[in-house]
Amino acid sequence: GLSHDPFTIVPTGDVTPVEVLLFEIRRDAHRVDLVEAENRLDGCVNVVHNLRFSPDGKLLAAGSDDSQPLVWRVADWRRVGSFDDAAGPVLDVDFSPDSSRLATAGGIFDGRWIAGHVTVADASSGQTAWRKRTTSSRVTSVDYSAQSDMVVTGAGDGVIRVFNADDGQPIETIRAHAHVVRDVCFAHQSDALFSAGYDDAVRRWNIRQDAPTNMLTGHADEVLTIDISSDSQWLVTASPRGVKLWDVQTGRLWKQLDLPVEHFSAAAFAPGSNRLVVGGGPFPIDDQAPAYLGIWDSKWGMVHQQITGLV
């Protein structure tokens, strides 16, 4: 995830012991460098799946196999809040646009995924506002709408569910993908919703309807991550075989990033800019092989750095 301050970046990995590593983005007129910061955030016992800064830049949240979200205060990197146990992994987290609430998504695993959950809580105290459980499969992703009135989730059963953000009442259920919905993302300036799945598809939806308005074609593998730039002009998609940038209005492929590793697991835009961070590494996972963390910027170009041990 990228903080609101463009000079701090936080990658996540499946490492032992589990640590959240901070990197500073240092730049001059000719290049951008990633430099590991002194801070390493502890508190995670198991695999970290997702990291997210609050829109106001004051909090950092992590979803992990620890069965409850972890939240740090950026000013001093101390843990805040006491969140209810979700009885299973937290696979995704997202803050409300005003940074006051944290939505989390996950599931209950007992040899197989037997249920899913989505929870909205106070971001600082951890007090639960509402929680919904599903009986079909895990909830893989969650996102707030720009107006803070809706929370959308994607799930292992291929279904998108939209809830009232205040009380969790269901608004819409859409059978979106043939397989797992891996990620969902609202546009920042409209009700347009994008979803990505293990069926190699990226779809754009009008949530007032049950049919996609268009589909972005060009991936030959499951799509793991999607994100939209702050101006809602560009959509980035990451799959094991590549990272692509799309024009949101036309749905056309604009660029495929030429990066030095074969497997990409994450891509996200920095708040307030078109700067893009991309993470990847070898697959199957190899603890001895270098992972990749890079920044792409329309002005500065793509800068990459091999970082050993983040896989």
Search all heavy atoms of [X] against all heavy atoms of [Y] and return the closest pair with its distance.
| X | Y | answer |
| --- | --- | --- |
| A196 | I226 | CB-CG2, 3.6 Å |
| R203 | A201 | NH1-CB, 3.6 Å |
| A268 | D227 | CA-OD2, 3.4 Å |
| V184 | S195 | CG1-CB, 4.2 Å |
| P97 | S148 | CD-OG, 2.9 Å |
| V93 | A61 | CG2-O, 4.0 Å |

[X]-[Y] co-clustered via ILVMFWY side chain contacts under 4.5 Å:
| X | Y | value |
| --- | --- | --- |
| L60 | V48 | yes |
| Y144 | F163 | yes |
| I108 | W130 | no |
| V74 | L51 | yes |
| V80 | V90 | yes |

Going by heavy atoms in the side chains, are [X] and [Y] under 4.5 Å from each other?
| X | Y | value |
| --- | --- | --- |
| L276 | L245 | yes |
| L224 | Y198 | yes |
| R79 | L70 | yes |
| V152 | S145 | no |
| I160 | L193 | yes |
| V162 | M150 | yes |

Inset, instruction - Show your working on side-chain contact (heavy atoms from CB on, under 4.5 Å) between D200 and V223 and close with a plain yes or no. - result: CA-CA 6 Å; D200 308 348; V223 182; 5.7 Å; no
Inset, instruction - Please check if the distance between the ring centroids of W246 and W254 is under 6.0 Å. - result: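 No, the ring of W246 stays outside the 6.0 Å limit from the ring of W254, centre to centre.
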Give a yes or no answer on whether the side chain of [X] reaches the backbone of [Y] with a donor-acceptor pair at less than 3.5 Å.
| X | Y | result |
| --- | --- | --- |
| T140 | G154 | yes |
| R138 | P89 | no |
| T173 | R161 | no |
| W205 | A176 | no |
| D247 | Q249 | yes |
| N50 | L91 | no |
| R182 | G156 | no |
| H49 | S64 | no |
| T128 | A121 | no |
| T153 | V139 | no |

Legend entry - side-chain contact (heavy atoms from CB on, under 4.5 Å) evaluation trace for V151 with V120: CA-CA 9 Å; V151 170; V120 169; 4.3 Å; yes
Inset, instruction - Might you work through the side chain to side chain donor-acceptor pair (under 3.5 Å) test for H188 and D231, ending with a clear yes or no? - result: CA-CA 7 Å; H188 297 287; D231 60 7; over 6 Å; no
Legend entry - Exceeds 12 heavy-atom contacts within 6.0 angstrom, atom CD of Q127: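 Counting neighbours around CD of Q127, 12 or fewer heavy atoms of other residues, nucleotides or ligands fall under 6.0 Å, so no.
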[X] [atom1] to [Y] [atom2] distance, which is reported to the nearest 0.5 Å:
| X | Y | atom1 | atom2 | result |
| --- | --- | --- | --- | --- |
| L59 | W72 | CG | CH2 | 11.5 Å |
| C185 | D143 | SG | CG | 5.0 Å |
| F83 | D66 | CZ | CG | 13.5 Å |
| I114 | F109 | CD1 | CZ | 9.5 Å |
| L235 | F269 | CG | CZ | 7.0 Å |
| D149 | S96 | CG | OG | 12.0 Å |

Inset, instruction - For the residue pair D85 and S67, confirm or rule out a side-chain donor-acceptor distance under 3.5 Å. - result: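 There is such a pair between these side chains.
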Inset, instruction - Mind running side-chain contact (heavy atoms from CB on, under 4.5 Å) on V236 and V243 for me, showing each step along the way? - result: CA-CA 7 Å; V236 62; V243 175; 3.6 Å; yes
Legend entry - Sole candidate of K132, R131, R133 that passes side-chain hydrogen bond (donor to acceptor under 3.5 Å, both in side chains) when paired with T119: R131
Inset, instruction - Take H177 and D199, measure what side chain to side chain donor-acceptor pair (under 3.5 Å) needs, and give me the verdict at the end. - result: CA-CA 7 Å; H177 291 265; D199 55 2; 3.0 Å; yes
Legend entry - Ion pair D92/R52, N-O distance below 4.0 Å: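 Result for this pair is yes, salt bridge flagged.
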Legend entry - side-chain contact (heavy atoms from CB on, under 4.5 Å) between V248 and R204, worked out: CA-CA 9 Å; V248 168; R204 176 176 176 167; 3.8 Å; yes
